[in-house]
Protein chains: 2
Amino acid sequence: MTRKILLEEHEIPEQWYNIVADMPNKPLPPLHPATKQPIGPDALAPLFPMELIKQEVSTDKWIPIPEEVREVYKIWRPTPLYRAYGLEKALDTPAKIYYKYEGVSPSGSHKPNTAVAQAYYNMKEGVKRITTETGAGQWGSALSFACQLFGIECEVYMVKISYHQKPYRKIMMNTWGAKVFASPTDLTQAGRQILGKDPNSPGSLGIAISEAVERAASDDATKYALGSVLNHVLTHQTVIGLEALTQMEKAGDLPDIVVAPFGGGSNFAGISFPFLRLNLEEGKKIRCIASEPASCPKLTRGEFRYDFGDTVGMTPLLPMFTLGHNFVPAPIHAGGLRYHGAGVIVSQLLKDQLIEARAHHQLECFEAGVQFAKAEGIIPAPEANHGIATVIAEAKRCKEEGTSKTILFNLCGHGNFDMSAYENYFEGKLQEHELTKEEITASLAELDTPTI
Amino acid sequence: MTRKILLEEHEIPEQWYNIVADMPNKPLPPLHPATKQPIGPDALAPLFPMELIKQEVSTDKWIPIPEEVREVYKIWRPTPLYRAYGLEKALDTPAKIYYKYEGVSPSGSHKPNTAVAQAYYNMKEGVKRITTETGAGQWGSALSFACQLFGIECEVYMVKISYHQKPYRKIMMNTWGAKVFASPTDLTQAGRQILGKDPNSPGSLGIAISEAVERAASDDATKYALGSVLNHVLTHQTVIGLEALTQMEKAGDLPDIVVAPFGGGSNFAGISFPFLRLNLEEGKKIRCIASEPASCPKLTRGEFRYDFGDTVGMTPLLPMFTLGHNFVPAPIHAGGLRYHGAGVIVSQLLKDQLIEARAHHQLECFEAGVQFAKAEGIIPAPEANHGIATVIAEAKRCKEEGTSKTILFNLCGHGNFDMSAYENYFEGKLQEHELTKEEITASLAELDTPTI
């Protein structure tokens, strides 16, 4: 019985897949935050190296993966594709369940797939330092790892409350040589402004973004990096789905359903876009389902309109499914999914009904995660548990209907750094925030950004 | 450039290697703790299932790995063999460095290799519950994982001070369904006795062993499991070296030097015994080096004599290199290496000068670990850092001497649960305990166990 379908290093994809080339309706352009007029790639030049800006606006279907990036990918790629025999048995389902396991990367999630690419292009263009923000620390640690390997300094602005509550991710970043600051800091104007008003500010992702962006914009040798949402980030992650497609073919199978957790979209895009290509190109009917938290349901209950990527309103306006950039999600443990908006490409695909979305409550997700850990042996990250909840729901439906579907999902990371979340779950301390219609309406009503 | 040498699942070994068959001098028999007369396998029957007792005293060269065990191994095995191009470059050494990475297992170390086998044999013989002790938690979590997969209850007696200081390993065990008790408990006579004297006892590994053993001995459906030292445990770990040998052959290479950290011996045995076989059978001259902490140097500064396996003196007397069963190692962060004695087989091999040993100070080990993390991307467990320190010393010697040796080491686990140790290192808080000759002499002078 083959449990893992493995690939050799030479089977790491040589190109990323850019779904924009195949989209029936292309994404709408970003707008300038002040003038609300469409902006061109030049506006991004202070923050990103030119090659990444080109990728951000590219309509090329395939983007070559540089050999140096593939060399670093070899540290953990190709990642294994598992047949979930244990979970199938535990659910007593006729469904066949597969999962791609991205937790084998050194930082423990799928994030290094784009971090390595971004660090590489920055290095090639002579950038000496990359700044970024991080909440729980998945993205910050991935970028620290990547920068270390390409000899670039990494400065991470970590939300102050996380900095103190989750010290282990910070130490991980330090081990890879990154400087980690508790944001707000007194190193930036944005930080000093916040601290001037409230010296005890616990920080927020919005503030941390402002600090990282300000630092990059004020120094030619410093650029900024983002871990999700943007087109080039989503494209880099397609290495996951491209490998998975090859592995499914080796298993003599093709998924009917592809599932992934949804925060900003890179995890979901990574596994699903190469399968969506089969729908778009060959007319296949693979259902791709994004699993989001019920407490931050931008895809299932948000509005498709222009909104800011950050809380402060400094970024370009992007056409996205959003709950409003001032929306503050409940403090659920899947920190990576607590984001008010969805990436532009994914939003357009959802608008065009080419993908689906499903929301799950936190308790259902942890129950799913523990069931998975007991059946398969791997303890998933809380973010990944959302995808597992969708998979279990679909597998149960197969049992009820007596149909055998093939389900593939992205196990995007392990839970080694999330044990306190599991502890809260076991101790019955997890709270479910029932988000009312009024709360969502109120958050969206605050927006004065352009509708679509 | 191939970074990882991978194997397919069907290449997981079908037999473990039992080095006893090839040893020129067989291990001396264990003695009864009271009568000091040799004891037979029957004495172990209350604690272990018969199949494991047979393996403990077996002189068969090859022991078949049950198909059910191989099925579970497939969750993470075969593990990758890496060529450490990054470390070689960082050291500017002519040496070729390879490492076998056991941190890909669900619990993050090599421990499940034997935990799965032990849980399986217990299940086959109708055992309902396995008890064990754990300090930092590597072994307890591996056994929890294994028991869950075979439907056996797992009870872990975790040293009370670790239980409170290292809650994440405990939660990991809970996630796999294990019951974890802070030892000393009031569930056992041994625990109640200790608590009667000192209600605030922080516990010790010795006390936890006494509790786990008492619990197993007092109930027919309950057995006990140990994570190192014993012959069958070492034999199960040879799956590491057997895979590594196949992988080295695929790389067209053979190591001149094999290195592993040393606690009780299972990690070292696991990677080195299949290579030692080539020395014993074919006259090869592969140097196998065990890397131990300078603060717990049983191999380099201990005495070869009979001693107890536990602190309390309840176990059979074993012929081992020991610092004395009352020796209390300094509280270094490599918790898995803080054991007073060495497994019987490894002790005999060292006595016969068939293997070597090297001791390293804690600071040197963390320096080595951080250098490795920066060069290779993977953050090692503190235990693994001891092996890396030896590897770096040997690679530097190659550079000085202008020779190119091939070095293989066992990267036995990742450091995800050891970030506070790295934090102490970065903050300059790690202390080095310089163990004096007088301290060792005093500890050994206390012994009234038989000399050899």
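In what follows, chains are A, B, ... by sequence order, proteins preceding strands, each numbered from 1. Hydrogens, waters and symmetry mates are skipped; everything else that's a heavy atom, side chains included, is used.
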Ranking B/I378, B/I379, B/V72, B/D418 by heavy-atom pairs under 4.5 Å to chain A gives rank one to B/I379
Minimum heavy-atom distance between B/P382 and B/F366, given as atom pair plus value
CB-CZ, 3.9 Å
Does a donor on one side chain sit under 3.5 Å from an acceptor on the other, for A/N424 and A/H333?
yes
For residues 136-152 of chain B against chain A, heavy atoms under 4.5 Å, the residues are B/F145, B/Q148, B/L149
Out of A/V104, A/V370, A/I171, return the one with the most heavy atom pairs under 4.5 angstrom to chain B.
A/I171
Assert top hit (heavy-atom pairs under 4.5 Å, partner chain B, pool A/F426, A/Y425, A/Y422, A/Y101) equals A/F426
Region of A/L7 that comes under 4.5 Å of a non-hydrogen atom in chain B:
backbone
Under a 4.5 Å cutoff for heavy-atom pairs, which residue among A/G415, A/P106, A/G377, A/G369 has the most contacts with chain B?
A/G377
Could you tell me whether the side chains of A/Y98 and A/D253 share a donor-acceptor contact shorter than 3.5 Å?
yes
Please rank B/W76, B/Y82, B/Y168 by heavy-atom pairs under 4.5 Å with chain A and give me the top one.
B/Y168
Side chain from CB out, backbone as N, CA, C, O: work out which of these in A/E67 comes under 4.5 Å of a heavy atom of chain B, or both, or neither.
neither
Side chains of B/N113 and B/E102: any donor to acceptor distance under 3.5 Å?
yes
B/E376 and B/Y85: side-chain donor and acceptor closer than 3.5 Å?
no
Quick one: what part of A/R77 sits under 4.5 Å from any heavy atom of chain B, side chain, backbone, both or neither?
backbone
Toward chain A, the part of B/H414 with a non-hydrogen atom under 4.5 Å:
side chain
Side chains of A/K100 and A/Q247 only: does a donor on one sit below 3.5 Å from an acceptor on the other?
yes
Which atoms of A/E9 come close to chain B, meaning under 4.5 Å heavy atom to heavy atom: side chain ones, backbone ones, both, or neither?
side chain
Would B/R169 and B/F417 count as a cation-pi pair here, with the cationic atom under 6.0 angstrom from the ring centre and within 45° of the axis?
yes
